[in-house]
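Step one of this worksheet: look at the structure below.
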Amino acid sequence: PIFVYNNKGGKDEEILRKFNEPSWNYQVVRFLDSNGKDIIPRKDGVNTRAELTSRMKKALSIYNKRTASTSHSEDEILFAQSCFWTGEASLGGIEGVTTTEAGFFDGREVTKVKYNKEIISKKELVEKAKKMNVADKVYPKGSFRNGYRKAPKSDQKRQLSGTKYENMNLTDYEATKINSAVRSSPSKLKQYLKSFNIDNEKSE
């Protein structure tokens with residue numbers, strides 16, 4: 001826990017600027033992960049112990065689910081395809097995939113995928129990727145250590161571009177899942193938003 005004053009300079013003022021917090025005279029409690037991103041959406045006017053406790057429980061529940069999906073059981077693999085925008089959108093929606101990243105390797109556009117081996121095996125993941133036509137070539141972990149290059153930020157999670165989710169403070173996992181559904185599956189998108197505790201009506 002970190003307490004930040006809204007009427008002091010120095011590091012307190014720097015933190016207020018970093019998180020775009022106005023210096024008003026009431027408390028705001030935010031729940032952040034290790035990357036400084038909100039685990040649940042920011043909300044002010046939480047004035048009762050019951051409300052605060054409820055938000056603490058919700059943040060802990062979401063955080064625990066995320067950390068479970070990125071445990072020692074996580075592995076990674078590289079898929080080559082004609083367009084990594086399509087690669088991220090297709091592969092990110094597979095159950096067990098935790099994050100995707102657009103990049104370049106071996107003269108090809110590729111999607112780097114991290115996945116939970118306890119949910120999906122490498123064989124199953126490769127089979128699904130091939131059915132989606134986003135696995136022209138498969139590079140297992142260790143084979144792309146040298147030469148892989150991450151694509152520019154403007155090419156990452158391209159399906160989010162122009163949507164209200166583009167500039168939201170999403171985790172990598174949330175961005176991966178929303179990116180996979182935002183332009184192709186409204187029902188799946190709704191499920192993701194609910195599980196991430198993102199209010200679709202207020203996420204402008």
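- Leu52 and Ile40 fall within a single hydrophobic cluster, where Ile, Leu, Val, Met, Phe, Trp and Tyr side chains are chained together by heavy-atom contacts under 4.5 Å.
- When the side chains of ILVMFWY residues are joined at heavy-atom separations under 4.5 Å, either directly or via intervening members, Ile2 and Phe31 end up in two distinct hydrophobic clusters.
- Tyr192 is connected to Leu170 through a chain of hydrophobic side-chain contacts under 4.5 Å among Ile, Leu, Val, Met, Phe, Trp and Tyr, so both are in one cluster.
- Glu13 has a carboxylate O that lies under 4.0 Å from a charged side-chain N of Arg17, or vice versa, which qualifies the two as a salt bridge.
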Evaluate the criterion side-chain contact (heavy atoms from CB on, under 4.5 Å) for residue pair Phe105 and Arg149; output intermediate values, then yes/no.
CA-CA 6 Å; Phe105 183 71; Arg149 179 167 56 91; over 6 Å; no
Yes or no on side-chain hydrogen bond (donor to acceptor under 3.5 Å, both in side chains) for Tyr148 and Glu101, after CA distance, side-chain angles and deciding distance?
CA-CA 11 Å; Tyr148 171 76; Glu101 180 181 280; 2.5 Å; yes
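- What you find for Val134 and Phe79 is that their closest heavy atoms are O-CB, 3.4 Å.
- A chain of hydrophobic side-chain contacts below 4.5 Å, direct or via other Ile, Leu, Val, Met, Phe, Trp or Tyr residues, connects Ile198 to Leu189.
- In summary, the side chains of Glu74 and Thr98 do present a donor paired with an acceptor at a separation below 3.5 Å, with no hydrogens or angles considered.
- Between Asp136 and Gln81, the closest heavy-atom pair is OD2-CA, 3.5 Å.
- Here CZ of Phe196 is found 11.0 Å from CD of Gln191. Values are rounded to the nearest 0.5 Å.
- A distance of 11.0 Å separates CD1 in Ile39 from OG in Ser61, rounded to the nearest 0.5 Å.
- Residues satisfying the salt bridge (charged side-chain N to carboxylate O under 4.0 Å, His left out) test with Lys157, not counting sequence neighbours, are Glu88.
- Using a 4.5 Å heavy-atom cutoff, the side chains of Lys128 and Ile120 are in contact.
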Would Gln156 and Lys150 satisfy side-chain contact (heavy atoms from CB on, under 4.5 Å), going step by step from the backbone distance to the final call?
CA-CA 9 Å; Gln156 303 295 332; Lys150 182 179 178 179; 3.7 Å; yes
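- For the pair Lys177 (side chain) and Val97 (backbone), a donor-acceptor distance under 3.5 Å is present.
- Counting all heavy atoms, side chain and backbone alike, Ala102 lies closest to Phe84 at CB-CG, 3.6 Å.
- By the 4.5 Å heavy-atom criterion applied to side chains, Ile94 and Val113 are not counted as neighbours.
- Judged by distance alone, the side chain of Asp106 and the main-chain N or O of Arg108 form no donor-acceptor pair under 3.5 Å.
- Here the CG-CZ distance, from Asn20 to Arg42, works out to 8.5 Å after rounding to the nearest 0.5 Å.
- Between the OG1 atom in Thr86 and the CG atom in Leu91 there is a gap of 10.0 Å [rounded to 0.5 Å].
- When each of Arg55, Arg49, Glu51 is checked for a side chain to side chain contact (heavy atoms under 4.5 Å, CB included) with Thr53, only Arg49 meets the rule.
- A salt bridge links Arg30 with Glu21; the closest basic N to acidic carboxylate O contact falls under 4.0 Å.
- The distance from atom OG1 of Thr99 to atom CG of Asn179, rounded to the nearest 0.5 Å, is 12.0 Å.
- Following chains of ILVMFWY side-chain contacts shorter than 4.5 Å, one cannot reach Leu60 starting from Ile62, and the two form parts of different hydrophobic clusters.
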side-chain contact (heavy atoms from CB on, under 4.5 Å) between Leu160 and Met168, intermediate numbers included:
CA-CA 10 Å; Leu160 298 181; Met168 287 183 64; over 6 Å; no
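- Of all heavy-atom pairs between Lys122 and Tyr115, the closest is CB-OH, 3.3 Å.
- Atoms OG and CD1, on Ser180 and Ile178 in that order, are 9.0 Å from each other to the nearest 0.5 Å.
- Heavy-atom minimum distance, Tyr5 versus Leu16: O-CD1, 3.8 Å.
- Checking side-chain atoms of Arg158 against main-chain N and O of Ser154 turns up a donor-acceptor pair under 3.5 Å.
- Taking each heavy atom of Leu32 and Gly36 in turn, the nearest pair found is CD2-O, 4.0 Å.
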